[in-house]
Amino acid sequence: MNKRSLKWITLLLAMVIFLTACGGGGNNAPANNANNGNGGNEATESAEGGEGKILRTNNHSEPGSLDPALARGTHESWILQHIFEGLMKYNEKNEVVPAMAEKVDVSDDGITYTFHLRDDVKWSNGDPVTAEDFEFAWKRVLDPELGSEYSFQLYYVQGGEEYNTGEGSVDDVAIKALDEKTLEVKLVVPTPYFEGLTAFYTLYPVHKASVEGNEKWAGDPKNTEFVCNGPFKLTDWQHNEKVILEKNDNYYDADKVKLAGIDFDIIEDDNTAWQKYDGGDYDFLMSPPSTIVAQLKGNDDEQLKIGDDLGTYYYAFNCKKAPFTNAKVREALSLTIDRKTIVENITQGGQIPAEGIVPYGLLDDTNTEFREANGNLIKEDPENAKKLLEEGLKEENMTIEDFNKQGFILSYNTDEGHKKIAQAVQQMWKEKLGVEIGLENMEFQVLLDNRMQGNYDIVRAGWLGDYADPMTMMDLFMTDNPQNDVFWSNPEFDKLLQTAKSSPDQKLRMDSMKKAEQIMMEEKPVAPVYFYTRPYVEKPYVKGVYNTILNYPFLTYAEIEDAK
């Protein structure tokens, strides 16, 4: 991926927004070529799904929850985007298009959205999908008793924030089913990306009777019927091993769904997953090891696809734990990360060294790349870093020797790529600053839990955009945001983002966000490392997969051709 291709995509996204008002690794695997065979897939069929075939792949990490309101990462969202569907969705052209909704009307002042649902949308059990399902689901996300970490995505709705923070009533939330097929939503201020936000998994509907009838409805489908409304349905979940999906014949677009199902293994080790793909056990694989990506790229292997992505890989500092409470200490650690070396020698998938928290792919009010307009806010300066570290530690009544005795840990989730990046950064900090940081790996869900609980010193993190606006990369760092797991607070930053959230003036919005990003990158609660790309591989007989800048690849309309 290069800046030119990203700019093309962002221009397209900007057009869509205007017209609609709208979490890599290397390995030591043998350097053999990818297996082009069919791997026996032609024998894998499903009685319920008709003559279609099963696509086999790996999900990398055990989902924490398949309840849209409680999900919080790509290890859940990739599955969710195949078993649920929102009012809108992204198509293969990165356009926001109707999904459960047939059309949407927007008031002249940009405040009131009226979604008209299709007449033929059903749940997997045959019940109709209704406007009441959306009202129930969205208000459930805002219910403070549920504790949804993504509740802030509905603060755009009148009464949403007040209800979620305990200062208002659910009756005051401006989400209302006018009838079975009409949903009315009133926003606080015009929000040009709101239609795109309705494609995000937190805003998927849920089947009210199922949710109210069994609090474990989103768990093991062997114990309870898992009712969903997407192109596939969940039929088996062998925890930490496998997730099985079958075609949902009640999906309105089922005639275009060629697969009988999707089998997701749950294997965290990239080497093992690649070996299964290379050996013919998988038809498709996300994020192959970086050494394999580099090898396939060098050979111009058609199996390798490098999709665009809207996200940033970074290290988060625990800003409530000394000495990471000190901005000079955080800045010193950031200044000594050689990002160019990391993307060229470790990730090797076309990633771009980070220049801020906002990646390429988003436009400002002048149709200029937000990233280019706000400049490169990240530097590499080892000499200045030493000075800043000494000053910062002195302010915390510490020396480098004291720092090293603390045994601080850099945590990352189990993955060969994360390990190699962490080892490289660990060595950079030792050589350039004389600081010693230990490393610790853990399962992804454990890492997420530790982050939210503040049980870490420095931790690997990443953020992928939820909608096409720079706000999607910054508002999680606002003081009261449930996702603010770095525990950083800056009143001026909060004020600027609140201005950007509340103003219909696009120039004022973008100027406010640019200033907010500058403040954030001065204080460095996180050290951005690189901007993501999305490498994946697919066998030559797999057709119809498409990637969007805001989602993992869609397998919805994929098909598996017969062996020639």
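Atoms considered below: every heavy atom in the structure, side chains included; atoms not considered: hydrogens, waters and symmetry mates.
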Inset, instruction - Please determine, by modelled atom types, if Tyr277 and Gln303 share a side-chain donor-acceptor pair under 3.5 angstrom. - result: yes
Legend entry - Carboxylate-amine/guanidinium proximity below 4.0 Å for Asp67 and Arg140: yes
Inset, instruction - Answer yes if the side chains of Asp236 and Gln238 hold a donor-acceptor pair under 3.5 Å, and no otherwise. - result: yes
Legend entry - His116 and Asp105: side chain donor to acceptor below 3.5 Å: yes
Inset, instruction - Considering non-hydrogen atoms only, spot the tightest contact between Tyr113 and Thr191 and give its length. - result: OH-O, 3.4 Å
Legend entry - Residues in side chain to side chain contact (heavy atoms under 4.5 Å, CB included) contact with Glu92, at least two apart in sequence or another chain: Tyr546
Legend entry - Option among Val425, Leu447, Ile421, Leu439 that satisfies the side-chain contact (heavy atoms from CB on, under 4.5 Å) test with Tyr412: Leu439
Inset, instruction - Report yes if some heavy atom in the side chain of Pro63 is under 4.5 Å from a heavy atom in the side chain of Ile79; otherwise report no. - result: yes
Inset, instruction - Please confirm whether Tyr536 and Phe284 have ring centers closer than 6.0 angstrom. - result: yes
Inset, instruction - Verify the distance criterion only: is there a donor paired with an acceptor across the side chains of Tyr541 and Asp283 at less than 3.5 Å? - result: yes
Legend entry - Distance in Å, Leu259 CG paired with His82 NE2, rounded so as to fall on 0.5 Å steps: 9.0 Å
Legend entry - Smallest separation among heavy atoms of Glu416 and Asp270, with atom names: N-OD2, 4.4 Å
Inset, instruction - May I have all residue pairs that pass salt bridge (Lys or Arg N to Asp or Glu O under 4.0 Å) and include part of residues 70-83, sequence neighbours excluded? - result: Arg72-Glu149, Arg72-Asp449
Legend entry - side chain to side chain donor-acceptor pair (under 3.5 Å) involving Thr414 - partner list, sequence neighbours excluded: Asn441
Legend entry - Residue pair Gln153 / Asp466, side-chain donor-acceptor N/O under 3.5 Å: yes
Legend entry - Smallest separation among heavy atoms of Gly86 and Pro205, with atom names: CA-CD, 4.4 Å
Legend entry - Side-chain touch Leu117/Val129, heavy atoms, less than 4.5 angstrom: yes
Inset, instruction - Taking the six-membered ring of Tyr313 (Phe, Tyr or Trp), confirm whether the NZ or CZ of Arg460 is under 6.0 Å from its centre and within 45° of its axis. - result: yes
Inset, instruction - Would you please indicate yes or no on a ring centroid separation below 6.0 angstrom for Trp78 and Phe264? - result: yes
Legend entry - Residues which pass side chain to side chain contact (heavy atoms under 4.5 Å, CB included) with Glu302, listed by chain and number, not counting sequence neighbours: none
Inset, instruction - Hey, could you give me the NE2/CD1 distance between His75 and Ile266, rounded to the nearest 0.5 Å? - result: 10.0 Å
Inset, instruction - Indicate yes or no: does Arg56 engage Asp263 in a salt bridge with an N to O separation below 4.0 Å. - result: no
Inset, instruction - Supply the atom-to-atom distance Asp301 CG to Ile292 CD1, rounded to the nearest 0.5 angstrom. - result: 10.5 Å
Inset, instruction - Could you list the residues that satisfy side chain to side chain contact (heavy atoms under 4.5 Å, CB included) with Ala199, not counting sequence neighbours? - result: Tyr90
Legend entry - Polar side-chain atom of Asp143 near backbone of Glu145 as donor-acceptor pair, under 3.5 Å: yes
Inset, instruction - Identify the heavy atoms of Val206 and Pro68 that sit nearest to each other, and give their distance. - result: CG1-CD, 3.9 Å
Legend entry - is_close_aromatic(Phe194, Tyr156), centroid dist under 6.0 Å: no
Legend entry - Closest non-hydrogen atom pair, Tyr282 against Asn58: CE1-CB, 3.7 Å
Legend entry - Distance, nearest 0.5 Å, that separates CG of Asn250 from NZ of Lys122: 5.5 Å
Legend entry - For Trp123, all residues meeting side chain to side chain donor-acceptor pair (under 3.5 Å), sequence neighbours excluded: Asp133
Legend entry - Check: Ile549 main-chain N/O paired with Asp308 side-chain donor or acceptor under 3.5 Å: no
Legend entry - Under 3.5 Å donor-acceptor, Thr312 side chain and Ile357 backbone: yes
Inset, instruction - Only counting residues at least two apart or in another chain, list the ones meeting side chain to side chain contact (heavy atoms under 4.5 Å, CB included) with Asn345. - result: Thr341
Inset, instruction - Using the test side chain to side chain donor-acceptor pair (under 3.5 Å), find all partners of Asn551 that sit at least two apart in sequence or belong to another chain. - result: Thr548
Inset, instruction - Answer whether the closest heavy-atom distance between the side chains of Asp469 and Leu362 falls below 4.5 Å. - result: no
Inset, instruction - Test His60 against Asp415 for side chain to side chain donor-acceptor pair (under 3.5 Å), laying out the working first. - result: CA-CA 9 Å; His60 192 273; Asp415 177 277; 3.2 Å; yes
Legend entry - Test salt bridge (Lys or Arg N to Asp or Glu O under 4.0 Å) applied to Glu344 - qualifying residues, sequence neighbours left out: Lys340
Legend entry - Side chains of Asn59 and Lys242 in contact at under 4.5 Å (non-hydrogen atoms): no
Inset, instruction - Starting at CD of Gln351, measure out to CZ of Arg339 and round the result to the nearest 0.5 Å. - result: 14.5 Å
Legend entry - Sidechain-backbone polar pair: Gln81 side chain, Tyr552 backbone, donor-acceptor under 3.5 Å: yes
Inset, instruction - Could you pull out all residues at least two apart from Asp179 that satisfy salt bridge (Lys or Arg N to Asp or Glu O under 4.0 Å)? - result: none
Inset, instruction - Give the minimum heavy-atom separation between Tyr155 and Asn164, together with the two atoms involved. - result: OH-OD1, 2.6 Å
Inset, instruction - Evaluate the side-chain proximity of Lys181 to Glu102: yes if any heavy-atom separation is below 4.5 Å, no if none is. - result: no
Inset, instruction - Measure the acute angle between the ring planes of Phe115 and Trp138, then classify it against the limits of 30° and 60° as parallel, tilted or perpendicular. - result: perpendicular
Legend entry - salt bridge (Lys or Arg N to Asp or Glu O under 4.0 Å) partners of Lys139, counting only residues at least two apart: Glu135
Inset, instruction - Report yes if some heavy atom in the side chain of Lys233 is under 4.5 Å from a heavy atom in the side chain of Phe226; otherwise report no. - result: no
Inset, instruction - Could you grab the distance from atom NZ of Lys297 to atom CD of Gln348, nearest 0.5 Å is fine? - result: 9.0 Å
Inset, instruction - Run the ring-centre check on Phe134 versus Phe136 and record whether the distance is less than 6.0 Å. - result: no
Inset, instruction - With side-chain contact (heavy atoms from CB on, under 4.5 Å) as the test, would you mind laying out the steps for Leu245 and Leu234 before giving the verdict? - result: CA-CA 5 Å; Leu245 308 185; Leu234 178 69; 3.9 Å; yes
Legend entry - Any donor-acceptor pair under 3.5 Å from Lys258 side chain to Asp255 backbone: no
Legend entry - Listed once per pair and sorted, the ring pair (Phe, Tyr, Trp, His ring centres under 6.0 Å) pairs that draw on residues 231-263, sequence neighbours left out: Trp237-His239
Legend entry - Ring centers of Tyr201, Tyr150 separated by less than 6.0 Å: yes
Legend entry - Donor-acceptor contact present, side-chain Ser124 to main-chain Cys228, <3.5 Å: yes
Legend entry - Heavy-atom side-chain proximity of Pro535 to Lys305 below 4.5 angstrom: no
Legend entry - Leu183 and Val185, any side-chain heavy atoms less than 4.5 Å apart: yes
